[in-house]
Protein chains: 2
Amino acid sequence: MEMFNALSIFSAMSQPVRLDMVRILIKAGDSGLLAGEISQALDIRPNTASTNLSILVNSQLLRKERQGRTIRYFVNFEVIKDLLTFLMEDCCGGNPELCQSVIDKVACDH
Amino acid sequence: MEMFNALSIFSAMSQPVRLDMVRILIKAGDSGLLAGEISQALDIRPNTASTNLSILVNSQLLRKERQGRTIRYFVNFEVIKDLLTFLMEDCCGGNPELCQSVIDKVACDH
DNA sequence: TCCATATTTCATGAATAATGGAAATGTTTA
DNA sequence: TAAACATTTCCATTATTCATGAAATATGGA
């Protein structure tokens, strides 16, 4: 992961609505949630939801998929793993491998 | 960890200088770094370094300790673990315990 | 006490992001 | 094709964040 990427992910998660979005999508796991479900769950306007979801998609933390006239959003669990690896790089006394095997599992094998 | 806390940590890490600070302090581990060493390493003015370091301390991601006329900064590794737990809560099909044992080790037992 | 060093605090202007209304896009059903 | 629905894009206003220079604080040594 590049610095630029990591920054846009942290920036994306530094806003209450967006952090909530990420968290309910992590809970939702592989089945994701529809844009409408998300805006209802968080009680925000559809356009606000849309803008914030696209910020999360641009950061690559989420991905989306059109299904008929709805759009379903998912967390990119791989990206979470990469982010943690980037952050903890060279931790453990310069032996990132020590952390690696652990980090590999943080995203619950999604 | 509270939502407010998590937000201030992500917000703190969403700025290039501050993310760099966190990363070199993670590498430095338990021995931390002096304010002066940090501003030299990242080639930024002391006052800019200080302002950004205090944003990180306020978020609780870092702590500081005066040593004579210098001030030494450290990563709060416990806080990183708590943050990951907060973020991944209810992942793994509603069984956070499954992730917990893994997350416990992400911070390299610091 | 006086000075040098290390660091922080303050005030300011410039850049960036957030919100919400209105209009536009794409998709399905009648 | 027309209407209804789900979602996105655009735009203006307001709010927040940023880097900087200058001044202030705290510590140790002469």
Side-chain angles (χ1 to χ4, degrees), chain A residues 3-25 28 31-76, chain B residues 3-25 28 31-76:
Chain A
M3 180 76 175
F4 176 80
N5 247 142
L7 282 169
S8 70
I9 292 173
F10 286 128
S11 170
M13 289 199 292
S14 69
Q15 213 276 344
V17 161
R18 293 194 298 259
L19 182 52
D20 277 335
M21 286 172 161
V22 173
R23 294 182 78 219
I24 67 176
L25 283 166
S31 47
L33 292 170
L34 300 180
E37 292 175 329
I38 296 169
S39 81
Q40 268 191 290
L42 304 182
D43 194 27
I44 54 181
R45 288 171 178 71
N47 63 344
T48 301
S50 174
T51 300
N52 284 305
L53 284 167
S54 75
I55 289 171
L56 287 161
V57 169
N58 286 339
S59 80
Q60 301 190 299
L61 195 49
L62 302 188
R63 69 190 162 80
K64 66 176 174 178
E65 199 174 279
R66 180 174 279 279
Q67 291 182 344
R69 58 178 135 182
T70 66
I71 297 186
R72 188 172 291 273
Y73 287 85
F74 307 85
V75 169
N76 274 332
Chain B
M3 181 76 174
F4 176 80
N5 245 143
L7 282 169
S8 70
I9 292 174
F10 287 128
S11 169
M13 290 201 291
S14 69
Q15 212 278 341
V17 161
R18 292 194 298 260
L19 182 52
D20 277 335
M21 286 172 161
V22 172
R23 294 182 78 219
I24 66 176
L25 282 166
S31 48
L33 292 170
L34 300 180
E37 292 175 329
I38 296 169
S39 81
Q40 269 192 290
L42 304 183
D43 194 28
I44 54 180
R45 289 171 178 70
N47 62 346
T48 301
S50 175
T51 300
N52 284 304
L53 284 167
S54 73
I55 289 171
L56 287 161
V57 169
N58 286 338
S59 80
Q60 301 191 296
L61 195 49
L62 302 188
R63 68 188 163 81
K64 66 177 174 176
E65 198 174 280
R66 179 173 281 279
Q67 294 183 341
R69 59 179 133 185
T70 66
I71 297 186
R72 188 172 292 273
Y73 285 86
F74 307 85
V75 170
N76 274 332

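In the text below, chain A, chain B and the rest are named by the order of the sequence lines, each starting its count at 1.
- What separates CG of A:Leu53 from C1' of D:dT8 is a distance of 11 Å, to the nearest Å.
- Although no hydrogens or angles enter the test, the distance criterion places no donor-acceptor pair under 3.5 Å between the side chain of A:Arg66 and the main chain of A:Arg72.
- Among the protein residues, B:Arg72 comes within range of no part of the nucleic acid, since none of its heavy atoms lies under 4.0 Å from any strand.
- Separating the NZ atom of A:Lys64 from the P atom of D:dT7 is a distance of 11 Å, rounded to the nearest angstrom.
- Across all strands, A:Ser54 comes closer than 4.0 Å to no nucleic acid atom at all (heavy-atom distances).
- Side-chain proximity of A:Leu34 to the nucleotides D:dT7, D:dC18, C:dT8 is greatest for D:dT7.
- Counting to the nearest Å, the P atom of D:dT17 and the CZ atom of A:Phe10 are 18 Å from each other.
- The A:Arg66 side chain lies nearest to C:dT27 when the options are C:dT27, D:dC18, D:dT8.
- Relative to the side chain of B:Gln15, the nucleotides D:dA19, D:dT20, C:dG20 differ in distance, and D:dA19 lies closest.
- Across the protein-nucleic acid pair, B:Ile44 atom CD1 and C:dT7 atom P stand 12 Å apart, rounded to whole Å.
- As rounded to whole Å, 15 Å separates atom P of D:dT7 from atom CG of A:Asn52.
- As judged by a 4.0 angstrom heavy-atom cut-off over every strand, A:Thr51 is placed among the base-contacting residues.
- For B:Arg45, the listed nucleotide lying nearest its side chain is D:dT20; candidates were D:dT20, D:dT8, C:dT8.
- For C:dA6, neither phosphate oxygen OP1 nor OP2 lies less than 4.0 angstrom from any side-chain nitrogen or oxygen of B:Tyr73.
- OP1 or OP2 of D:dC18 has at least one side-chain nitrogen or oxygen of B:Arg18 nearer than 4.0 Å.
- Rounded to whole angstrom, the span from the CG atom of B:Leu56 across to the C1' atom of C:dT8 amounts to 15 Å.
- In terms of modelled atom types and a separation under 3.5 Å, the side chain of A:Thr48 and the main chain of A:Ile44 share no donor-acceptor contact.
- Put simply, CD1 on A:Ile55 is 11 Å from C1' on C:dT19, counting in whole angstrom units.
- Within the 4.0 Å cut-off from OP1 or OP2 of C:dT7, not a single side-chain nitrogen or oxygen of B:Arg69 is found.
- B:Leu7 has its CG atom 15 Å from the C1' atom of C:dA17, to the nearest Å.
- Among the heavy atoms of the strands lying under 4.0 Å from B:Thr70 are primed sugar atoms or P, OP1, OP2 only; no base atom is included.
- Between A:Asn47 and C:dA24, a side-chain N or O to OP1/OP2 separation shorter than 4.0 Å is absent.
- The shortest distance between side-chain heavy atoms of A:Leu53 and A:Ile38 falls below 4.5 Å.
- Note that OG of B:Ser14 and CZ of B:Phe10 are 10.5 Å apart. Values are rounded to the nearest 0.5 Å.
- Counting heavy atoms from C-beta on, the side chains of A:Glu65 and A:Arg63 come closer than 4.5 Å.
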